[in-house]
A.B. asks: 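One structure coming up, written as structure tokens, with questions to follow.
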Amino acid sequence: MSFSASVLTLYPEMFPGALGLSLAGRALASGTWSLEAIQIRDFATDRHRTVDDTPAGGGAGMVMRADVLASAIDHVSPAGDPRPRLLMSPRGTPLTQARVRELAAGPGAVIVCGRFEGVDQRVIEARGLEEVSVGDFILSGGEPAALVLLDAVVRLLPGVMGNAVSGDEESFENGLLEHPHYTRPQDFEGRQIPEVLTSGNHKKIAAWRRGEAERLTRERRPDLLAAHPLVK
Ligand code: SAH
């Protein structure tokens, strides 16, 4: 069974967007994964097809209604749907490569994209939505966050990445940032490729790469290093 993504959004035209091109687009066309974008507004019940209302307690902005969103969720993900239900949210658990791997190994995901100030808390609780953040900044809507999450997941699906090995050495996969890369020409504006990389000595090359990975991680992400099992 292929990975099945259902995205609930007020802007279904944003999908597949960037995911319709390149690796993800080819995998979508070949059926390695599937994507449906559901218009939340279709589940509004009033004449004006209202999906939001003013915040209880006052304040600026609007809040997405629990009842409309719940109907949309129940339509795409009835009880018994094995897929996790995610809500893109800056308050959520920060997305990690480990969670991306888990999702890629599962049946798919139901992804709710918020807009306005966010969604009514009661639908988060009542439908068991897992809040996921793509970083400590505020987007205008959950759609770009959903595209980011799906891009990270889809490239891990079997057969999507041409060279499977390239996934294992990447940043975060071993708890470190990746070493720098070089390719031809040998001389670029007077800068040379580090000699060790053209030495043909694979043991030395591996040691250099490991050293660079540790150095970059120490400089840029000491938080990762603190959590690393081997490097101190
Ligand atoms: N008032 C909210 C921000 C709302 S932004 C707050 O201060 O927390 C509108 C929508 O964009 C959110 O409901 C969410 O779905 C999405 N969004 C914004 N930033 C995000 C982020 N960093 N990660 C994931 N989703 C985000």
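Whatever order the structure lists them in is the order used to number ligands and atoms, beginning at 1. The basis for the numbers below is simple: all heavy atoms, side chains too, and nothing from hydrogens, waters or symmetry mates.
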A.B. asks: Got a donor-acceptor contact below 3.5 angstrom from the Thr217 side chain to the Leu177 backbone?
C.D. replies: yes
A.B. asks: For Glu212, is there an ion pair with Arg215 - N to carboxylate O distance below 4.0 angstrom?
C.D. replies: yes
A.B. asks: Please determine whether the number of non-hydrogen atoms from other residues, nucleotides or ligands lying under 6.0 Å from atom CZ of Arg122 exceeds 12.
C.D. replies: no
A.B. asks: Evaluate Ile138 for polar contact with ligand 1, using N/O atom pairs at a separation under 3.5 Å.
C.D. replies: no
A.B. asks: For ligand 1, which is the ligand I care about here, please tell me if Val132 has any N or O atom under 3.5 Å from one of the ligand's N or O atoms.
C.D. replies: no
A.B. asks: Is the count of non-hydrogen atoms from other residues, nucleotides or ligands lying under 6.0 Å from His202 atom NE2 greater than 12?
C.D. replies: no
A.B. asks: For the CD atom on Gln186, are there more than 12 heavy atoms of other groups (residues, nucleotides or ligands in this structure) within a distance under 6.0 Å?
C.D. replies: yes
A.B. asks: Quick check on contacts: which atoms of ligand 1 are under 4.0 angstrom from a heavy atom of Phe116?
C.D. replies: 4 (C), 5 (S), 9 (C)
A.B. asks: Flag the pair Gln192 / Asp187 as yes when at least one side-chain heavy-atom distance between them is below 4.5 Å, and no otherwise.
C.D. replies: yes
A.B. asks: Indicate yes or no: at least one non-hydrogen side-chain atom of Arg115 is less than 4.5 angstrom from one of Ser140.
C.D. replies: yes
A.B. asks: For ligand 1, is there an N or O atom under 3.5 Å from any N or O atom of Gly114?
C.D. replies: yes
A.B. asks: Any atoms of ligand 1 less than 4.0 Å from a non-hydrogen atom of Gly142? List them with their elements.
C.D. replies: 11 (O), 15 (O), 16 (C)
A.B. asks: May I ask you to list the atoms of ligand 1 that are less than 4.0 angstrom from any heavy atom of Gly141?
C.D. replies: 10 (C), 11 (O), 16 (C)
A.B. asks: Which option, Arg115, Met88, Glu117, owns the non-hydrogen atom nearest atom 1 (N) of ligand 1?
C.D. replies: Glu117
A.B. asks: Counting only heavy atoms from other residues, nucleotides and ligands, does the tally under 6.0 Å from CG of Asp136 exceed 12?
C.D. replies: no
A.B. asks: Is Leu139 close to ligand 1, meaning an N/O of one under 3.5 Å from an N/O of the other?
C.D. replies: yes
A.B. asks: Should you measure from each heavy atom of Ala145, which atoms of ligand 1 turn up under 4.0 Å away?
C.D. replies: 24 (C), 25 (N)
A.B. asks: Nearest to atom 6 (C) of ligand 1, what protein heavy atom do you find, and at what distance?
C.D. replies: Pro90 CG, 4.1 Å
A.B. asks: May I ask you to check whether Ser89 has an N/O atom sitting below 3.5 Å from an N/O atom of ligand 1?
C.D. replies: yes
A.B. asks: Which of the atoms in ligand 1, numbered in the order shown and given with their element, are less than 4.0 Å from a heavy-atom of Gly118?
C.D. replies: 13 (O)
A.B. asks: Any N/O of Phe137 closer than 3.5 Å to an N/O of ligand 1?
C.D. replies: yes
A.B. asks: Specify the protein heavy atom at minimum distance from atom 23 (N) of ligand 1: its residue, its atom name, and the distance to 0.1 Å.
C.D. replies: Val134 N, 3.1 Å
A.B. asks: Going through the distances and angles, do Arg83 and Ser4 end up as a side-chain hydrogen bond (donor to acceptor under 3.5 Å, both in side chains)?
C.D. replies: CA-CA 8 Å; Arg83 296 175 298 170; Ser4 146; 3.0 Å; yes
